[in-house]
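Inspection log for the structure reproduced underneath, given as structure tokens.
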Amino acid sequence: MSTSFQISVVICTYNRATYIQDALVSLYAQTLDKSLFEVLVVNNNSTDDTEAVCRQFIGNHPEMNTTFLNEPRQGASFARNTGSALAKSPLLCFMDDDAVATPDYLERIIRFFGQHADAGGLGGRIIPRYIPSEPEWMSYYVSSLVGNFDYAPEVKVFEPGKYPLESNMIVRKADFDRIGGFNSALPGVVGTLRIGGEGKDFFLRLQALGNRIYYDPAIKVDHVVEVSKLTREYMYRVASGIGRGERVRMKEKGGNALFMKLLEYLFKLGASVILGIKYTLQGHPAKAAPVIRFRIDALKGLLNY
């Protein structure tokens, strides 16, 4: 197999038999020559037909350099680290198993790094693809929980403390190895529990080393959101997972970091109540409760509740 790849796409997957093929098809349809990229699919203990779907796709599309791996340790951080360790190119691109890349996605990424030698990382736009349609209770402030991300209308360096989302993030492999990859203490989804923030932790560590992390809205993926699965339990798991991840990060920092984060979360909860009242007065009462619940659930996660 050629080792002249310019970019490696790592997709960790967990029970996405319904959508993983769409992700792979979008990579197969890339404008970038197939000899210049590889795809590493890391199966993270799927119990559905994910493996069968992936292996069938690989068998039917031998022109694309695709490797299928199994990672038994549950959590996206483990899976991403496993895929990255085997990557054979200078750029690592992380894409979700229910994301669909635009045809020029990889070509744009390579061009960007060629034009920005100072880029230590890159994030792009993530557009929710609601199935069947966006629920009336969805708002900008809650949509981040389902992957909606549009940081700026033009190319911009992320401000300190800001960072790409996991569904569409790219980093130089040398920098990935330099900081030791993703923090396995923030594994992501483990069974019914979520300890999130692995992408935030990763990019904040990169920024701490002086790396400039860019955003380019032209580097886009669609992210499938099945509205029927946006249950109260699901939204709680995602929101509380953010808080649990922050708890882990603050305890690793030590000192009064956890207390200061608690104050920040209490402030955000108060702001969400004001925002909920505003939505109600504007004639959008359905948007009020989810905004407030988001902050309550995140606070519960921070308190390990």
Side-chain angles (χ1 to χ4, degrees), residues 12 14-15 44-47 71-82 94 96 137-149 160-167 169 179-208 225 229-276 288-305:
C12 58
Y14 176 67
N15 289 342
N44 202 200
N45 294 325
S46 296
T47 57
E71 171 50 67
R73 293 170 297 177
Q74 194 68 48
S77 290
F78 290 114
R80 291 185 181 120
N81 287 345
T82 294
F94 298 96
D96 275 6
W137 53 263
M138 186 61 69
S139 67
Y140 169 80
Y141 298 95
V142 176
S143 64
S144 63
L145 296 179
V146 296
N148 182 38
F149 189 70
K162 302 296 183 180
Y163 48 89
L165 289 193
E166 292 91 340
S167 300
M169 56 185 180
I179 66 169
F182 289 95
N183 183 354
S184 58
L186 302 168
V189 177
V190 181
T192 59
L193 183 69
R194 180 175 176 84
I195 305 175
E198 64 274 18
K200 176 179 182 177
D201 173 81
F202 179 85
F203 280 107
L204 291 186
R205 284 188 285 131
L206 272 183
Q207 288 175 334
V225 180
K229 293 185 176 180
L230 300 182
T231 62
R232 177 73 186 90
E233 292 75 18
Y234 175 85
M235 300 301 283
Y236 167 76
R237 185 163 66 248
V238 177
S240 65
I242 294 172
R244 286 192 183 89
E246 287 297 88
R247 179 181 178 86
V248 171
R249 289 179 63 259
M250 295 307 104
K251 292 187 79 171
E252 287 182 347
K253 275 190 172 184
N256 64 346
L258 183 58
F259 176 72
M260 296 304 295
K261 183 61 65 173
L262 174 61
L263 293 181
E264 176 190 326
Y265 270 37
L266 289 172
F267 174 81
K268 288 182 176 179
L269 175 56
S272 74
V273 172
I274 295 172
L275 183 60
V291 170
I292 298 170
R293 280 201 301 263
F294 171 18
R295 300 317 319 177
I296 291 174
D297 292 345
L299 179 60
K300 286 181 176 179
L302 183 70
L303 297 173
N304 203 30
Y305 177 72

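Sequential numbering from 1 along the given sequence is applied to the chain's residues. Note that the structure is a prediction, hence the values are computed from the model and not measured.
Closest approach of L230 to V225, counting heavy atoms only: CD1-CG1, 3.8 Å. Smallest separation of non-hydrogen atoms from S46 and N15: OG-N, 2.8 Å. S139 and V291 get closest at one heavy-atom pair: OG-CG2, 3.5 Å. Closest of all the heavy-atom pairs between R247 and G301 is CD-O, 4.2 Å. Across every non-hydrogen atom of A76 and C12, the tightest pair is CB-SG, 4.0 Å. Listed here is the closest heavy atom pair of S144 and F294: OG-CE2, 4.3 Å.
Here the CG-CG distance, from N183 to D201, works out to 4.5 Å after rounding to the nearest 0.5 Å. The structure places CZ of R194 at 10.0 Å from CG of L186, a figure rounded to the nearest 0.5 Å. In this structure, the separation between CG on N148 and CG on L165 is 9.0 Å, given to the nearest 0.5 Å. Atom CZ of residue F94 and atom CE of residue M169 lie 5.5 Å apart, to the nearest 0.5 angstrom. Note that CG of L299 is 5.5 Å distant from CG of L266, once rounded to the nearest 0.5 Å. From I296, atom CD1 reaches atom OH of Y305 across 11.5 Å, with rounding to the nearest 0.5 Å.
With D297 as the fixed residue, the salt bridge (Lys or Arg N to Asp or Glu O under 4.0 Å) test singles out one of R232, R244, R237: R232.
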Checking side chain to side chain contact (heavy atoms under 4.5 Å, CB included) for the pair M138/V146: CA distance, chi angles, key distance, verdict?
CA-CA 10 Å; M138 186 61 69; V146 296; 4.2 Å; yes
Assess the residue pair E166 and F202 against the criterion (side chain to side chain contact (heavy atoms under 4.5 Å, CB included)); give the C-alpha distance rounded to whole Å, side-chain angles, the decisive distance to 0.1 Å, and a yes or no.
CA-CA 10 Å; E166 292 91 340; F202 179 85; over 6 Å; no
Might you work through the side chain to side chain contact (heavy atoms under 4.5 Å, CB included) test for F78 and N81, ending with a clear yes or no?
CA-CA 5 Å; F78 290 114; N81 287 345; 5.8 Å; no
Derivation and outcome, side chain to side chain contact (heavy atoms under 4.5 Å, CB included), residues L302 and L258
CA-CA 9 Å; L302 183 70; L258 183 58; 3.8 Å; yes
Can you list the steps and then say if E198 with R80 is a salt bridge (Lys or Arg N to Asp or Glu O under 4.0 Å)?
CA-CA 11 Å; E198 64 274 18; R80 291 185 181 120; 3.3 Å; yes
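Residues R73 and T82 meet the side-chain proximity criterion, which asks for heavy atoms closer than 4.5 Å. Put simply, the side chain of L275 does not reach to within 4.5 Å of the side chain of I292, judged on heavy atoms. Side-chain contact check for R249 versus L204: some heavy-atom pair is nearer than 4.5 Å.
Between the side chains of N44 and E71, no donor-acceptor pair of N or O atoms lies under 3.5 Å.
Listed by first and then second residue, the salt bridge (Lys or Arg N to Asp or Glu O under 4.0 Å) pairs that reach into residues 259-275 are E246-K261, K261-E264, E264-K268, sequence neighbours excluded. Residue pairs meeting the ring pair (Phe, Tyr, Trp, His ring centres under 6.0 Å) criterion with at least one member in residues 234-271, sequence neighbours excluded, do not occur.
Side chain of R293 to main chain of A239: no donor-acceptor pair is present (N/O by atom type, distance under 3.5 Å, no hydrogens or angles).
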